[in-house]
Amino acid sequence: MTGSIYDELKDRGFIAQVSDETAVRKMLGEKQVTFYIGYDGTASSLHAGSLVPIMAMVHLRRAGHRAIAVIGGGTTMVGDPSGRTEMRQILDEAVIRAFGDAIRAQLDRYLKFDGVGALAVNNADWLKPLNYIEFLRDIGRHFSVNRMLASEAYKIRLEKGLSFIEFNYQLLQAYDYLTLFRSHGCTLQMGGDDQWGNILAGVDLIRRVEGAAVEAMTFPLLTTSAGAKMGKTVQGAVWLDAGLFSPYEYFQYWVNTDDRDVGRFLRLYTLLPLEEIRRLESLAGSEINEAKRVLAYEATILTHGEDAARDARAAAAAAFGGSGEKDVASLPTTVVARARLEAGLGPAELFVEVGLAASRGEAKRLIAQGGLSINNERIDSLTRMLTLKDVGPDGLILKAGKKKIHRVIAG
RNA sequence: GGGCAGGUACCAAAGUGGUUAAAUGGGACGGGCUGUAAACCCGUUGCGGAAACGCUUCGAAGGUUCGAAUCCUUCCCUGCCCA
């Protein structure tokens, strides 16, 4: 345990707000602290937007603190209105349960739940059995509606409408904190900066009910320098699940980082020492691409493991002609029946099939605009049939635009 | 429960009987320039079709009409005001 983990987090850009900086720095430096972060299960996988909290947990755990990941099986049934413009879709309970299990498994890769230094709990376990009247009397009376309505988090919703169920979210999250304080001695809750109000509600509740001082810390809500939300691409989220978003795509997501974000991201999303990061981010001009590759490689290791990261890097090198080993086999690949290739396939059909175009119409548009190529040769005609002859020893390489690439092999 | 205003494509927002597959902006995508960056310039942006053209879309379902996003009816949903 080192006295510097708080400052390490701060230097790396993890901290947006802290309840009491002096107290938090002190406790993280002096003793083992049990802390928690909640993850609401609104999808079967977390995405890159959740990486900051995950990395913060990894850092704290490495520093010897005890991590509790709370799967929001109960709170997800209510839905957090904080900062949202519209009510969340109400999800089916069985679905929420399944999502929660999947997310737990995902977090396990980063945190290695051992029941001692890192554990996962599901708040459905204590929220579902709650008795309404008792809850109102014991917990509800500590909350001021006036104060809640005045908070920034609800501001948008007061204009667009806020249902009663959502209004209860904050109470439940506060109750989570109280529960973990009582059962596990948890004294630090962290979360995204949009959670600040909810987290403080828990701090207040514990003070009122237990007379104890506990702490709160939030992470900045990141956007890329281009203004996009972290972890979102056009196609959708940058999922941490290899089945939803392949390691190759994941690697590419990081390689495509804006120059201006490289240093910031290296600090947040890799465990590289700060001196090394300072060296990498100082690279100028096209040299910065080297830093991006390091970022991508390290980030991919953390999420998908070293083997997958190596494959992804090799595939990227093959696709973009970078230095080092080239491994075409690691590109996203689709097997197409030999017989179909013998008969010949239209390019639009094939590009749609491998997911490089959303529809034949789009594929045709792309061809007209010179955006599609096979084996690095621009397709200039819709009737350019693709056959077995186009499938070389490494397969048939399809490209849409400059960056989306896919390999087809006959099978 | 009553009154008012709304629900249009990824988002925002025009359109109030045919010239509307639906203005405009943003976003996104493609091309050019580059460094798998940014900025900038050009183009594209419902589905099918080589094309002609066809099909589906404006909360949902019915209806009026030669013709509906546009008119009528019912229903669902949202916001505001009143209770």
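Keep in mind it's a predicted model, so treat the numbers as computed, not measured. Quick note on labels: first sequence line is chain A, next is B, and so on, each numbered from 1. Worth knowing before you read on, the calculation uses all heavy atoms, side chains too, and leaves out hydrogens, waters and symmetry mates.
Across the C1' atoms, B:G46 and B:U20 are found 14 Å apart, a figure rounded to whole Å. If you take atom P in B:G62 and the same atom in B:A51, they sit 34 Å apart, rounded to whole Å. Here, B:G27 and B:A61 have their C1' atoms 34 Å apart, quoted to the whole Å. Rounded to whole Å, the separation between the C1' atoms of B:A9 and B:C4 comes to 28 Å. Between the C1' atoms of B:C72 and B:G17, the separation comes to 13 Å (whole Å). Nucleotides B:G15 and B:A38 place their P atoms 37 Å apart, quoted to the nearest Å. Atom P of B:C81 sits at a distance of 41 Å from the matching atom of B:C29, rounded to the whole Å.
A donor and an acceptor atom sit less than 3.5 Å apart, one in the side chain of A:Gln252 and one in the base of B:U36. Counting distance only, with no hydrogens placed and no angle test, the side-chain atoms of A:Lys364 and the base atoms of B:G49 include a donor-acceptor pair under 3.5 Å. Side-chain atoms of A:Gln369 stay outside donor-acceptor range of the base of B:G31, with no qualifying N/O pair under 3.5 Å.
If you find the closest nucleotide of RNA chain B to A:Thr257 and to A:Gly370, the one lying nearer the 5' end belongs to A:Gly370.
The only option from A:Leu188, A:Thr218, A:Val24 that meets the side-chain contact (heavy atoms from CB on, under 4.5 Å) definition with A:Val18 turns out to be A:Val24.
Here B:A50 presents its C1' atom at 14 Å from CG of A:Asp380, a figure rounded to the nearest Å. In this structure, the CD atom of A:Glu362 is 15 Å from the P atom of B:U44, given to the nearest Å. Between A:Lys404 atom NZ and B:C29 atom C1' there is a gap of 6 Å when expressed in whole angstrom units. Straight-line distance from the NZ atom of A:Lys403 to the P atom of B:U36: 9 Å, rounded to whole Å.
A:Tyr39 and A:Ser50 share no donor-acceptor pair across their side chains, judged by distance under 3.5 Å alone. Between the side chains of A:Thr300 and A:Tyr248, no donor-acceptor pair of N or O atoms lies under 3.5 Å.
Across all strands, A:Thr383 comes closer than 4.0 Å to no nucleic acid atom at all (heavy-atom distances). Heavy atoms of A:Leu372 sit nowhere under 4.0 angstrom from any nucleic acid atom.
Which of B:U34, B:U44, B:G35 sits closest to the side chain of A:Arg365 comes down to B:U44. With distances taken from any side-chain atom of A:Leu382 to the nucleotides B:G30, B:A50, B:G35, the minimum falls on B:A50. Out of B:A50, B:U44, B:G49, the shortest distance to the side chain of A:Arg360 is found at B:G49.
A:Tyr269 and A:Trp254 have tilted rings, their planes meeting at an angle from 30° to 60° on a 0 to 90° scale.
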